[in-house]
Amino acid sequence: AINFALGVLVLLRDRKNPSNQSFTAVAVSITLWVFTRALFGLAPPGVPLEILAKFLFITSGLLPLFLIPLVISLGDSRRRLPLLSGLFIMVPWLAVVILAAFTDHIVSAVTTDTRGERIVVYGEGFYYFAVYMFTYLLTGVYLLLRRYVAASGVVKAQLRYILAGTSISILIGITTNLILPLLGVTSYAWIGPVGTIALVAFVSIAMTRHRLWNFRLVATEIFVFFLL
């Protein structure tokens, strides 16, 4: 709820600012991923778990997709990912959607072990998903690091916290949701969505200490939002 509220209220501060738009997209994608993961883990018997598992891959794939436009636009409201480039980087994610939703190549089945833990059985398409996630997430960190090195002043201070939060969240997610599943260990996949707390926490620090996205106005509106 905090992710979603923060994203929406940042957007409302300046709807035309590319970084506000991209951050909102990232916040919404994290919310969808966390919500879908919770549904998958808590759904009662009889719920089609394979559908939820497929949707997990679709929602988790949104995060790296929106991370790149966010990194490009941070610190400069004039910088925006060109429309053609945006459409181009969507193609690999659309392939994830097709493989996950309409085939068994990513999610082959969902089983339950003796402890009642739900286990996703991956198909050969999981390797494509892993390459997609690795490529986009590491590209996002690389671009963010370049922006940080070239920046100065308040923008550099803001980017320092965003780089730290992004790197920690990505390291956790890659380890628990990509590397370990590739090694046959899937019991820690729930940690990935929880790891995004680091990103939210460091962005909040940047907003508090360095007025990222006009923190005072956003904080007031968040307070009013939860009061209502």
Side-chain angles (χ1 to χ4, degrees), residues 3-4 7 22 24-71 86-113 116-141 166 168-200:
N3 287 340
F4 182 77
S22 299
T24 300
V26 169
V28 171
S29 67
I30 290 174
T31 302
L32 288 173
W33 185 25
V34 172
F35 180 71
T36 307
R37 181 68 211 185
L39 280 180
F40 178 78
L42 301 174
V47 173
L49 294 178
E50 287 187 17
I51 294 178
L52 290 178
K54 290 172 180 288
F55 196 60
L56 260 175
F57 282 91
I58 295 173
T59 55
S60 62
L62 285 172
L63 177 56
L65 178 64
F66 293 133
L67 177 63
I68 293 177
L70 173 62
V71 171
L87 294 174
F88 178 76
I89 67 172
M90 282 186 65
V91 173
W93 176 75
L94 291 175
V96 170
V97 173
I98 293 172
L99 289 173
F102 303 108
T103 75
D104 295 330
H105 292 306
I106 293 182
V107 177
S108 177
V110 176
T111 62
T112 304
D113 63 14
E117 182 177 342
R118 291 161 179 177
I119 300 174
V120 178
V121 179
Y122 303 117
E124 65 276 8
F126 181 78
Y127 295 100
Y128 167 79
F129 176 79
V131 170
Y132 160 73
M133 295 291 285
F134 271 118
T135 303
Y136 275 55
L137 290 173
L138 295 181
T139 298
V141 172
T166 301
I168 293 172
S169 295
I170 288 176
L171 179 62
I172 294 173
I174 283 180
T175 301
T176 60
N177 293 72
L178 293 178
I179 295 177
L180 290 181
L182 286 172
L183 297 175
V185 180
T186 61
S187 56
Y188 300 103
W190 61 271
I191 298 177
V194 176
T196 59
I197 292 174
L199 175 59
V200 176

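Every heavy atom of this structure was used, including side-chain atoms; hydrogens, water molecules and symmetry mates were not.
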Problem set entry | Heavy-atom side-chain contact between V26 and L63 under 4.5 Å | yes
For this session: Please test V141 against L137 for side chain to side chain contact (heavy atoms under 4.5 Å, CB included), starting from the C-alpha separation and ending with a verdict.
Result: CA-CA 6 Å; V141 172; L137 290 173; 5.8 Å; no
For this session: Kindly compute the distance separating CG (L171) from OG1 (T176), expressed to the nearest 0.5 Å.
Result: 9.5 Å
Problem set entry | Test side chain to side chain contact (heavy atoms under 4.5 Å, CB included) applied to V110 and F40, step by step | CA-CA 10 Å; V110 176; F40 178 78; 4.0 Å; yes
Exercise. Looking at F66 and S29, what are the two nearest heavy atoms and their distance?
Worked result: CD1-CB, 4.1 Å
Problem set entry | Considering all heavy atoms, the nearest A95-Y128 contact | CB-OH, 3.3 Å
Problem set entry | Residue pair W93 / I58: nearest heavy atoms and the distance that separates them | NE1-O, 3.1 Å
Would you list the atom pairs, donor with acceptor, under 3.5 Å between side chains in residues 42-56 and any protein atom, with sequence neighbours excluded?
| residue | atom | partner | partner atom | Å |
| --- | --- | --- | --- | --- |
| K54 | NZ | A100 | O | 3.1 |
| K54 | NZ | T103 | O | 2.6 |

Exercise. Can you tell which of I170, L178, T139 makes a side chain to side chain contact (heavy atoms under 4.5 Å, CB included) with F134?
Worked result: L178
Exercise. Are L62 and W33 side-chain neighbours, meaning at least one heavy-atom pair lies under 4.5 Å?
Worked result: no
Exercise. Is L65 close to M90 at the side-chain level, that is, under 4.5 Å between some pair of heavy atoms?
Worked result: yes
For this session: Verify the neighbour count for atom CZ of F35: are there more than 12 heavy atoms of other residues, nucleotides or ligands below 6.0 Å?
Result: no
Problem set entry | Euclidean distance, I68 CD1 relative to Y136 OH, rounded to 0.5 Å | 6.0 Å
For this session: Could you tell me how the ring of Y122 sits relative to the ring of F126: parallel (under 30°), tilted (30 to 60°) or perpendicular (over 60°)?
Result: parallel
For this session: Indicate the atoms forming the closest heavy-atom contact of I168 with A198, along with that distance.
Result: CG2-CB, 3.7 Å
Would you tabulate the side-chain donor-acceptor contacts of residues 181-194 under 3.5 Å, counting partners in other chains and residues two or more places apart, or write 'none'?
| residue | atom | partner | partner atom | Å |
| --- | --- | --- | --- | --- |
| W190 | NE1 | S187 | O | 3.3 |

Problem set entry | Partner residues of E124 under the side-chain hydrogen bond (donor to acceptor under 3.5 Å, both in side chains) criterion, sequence neighbours left out | H105
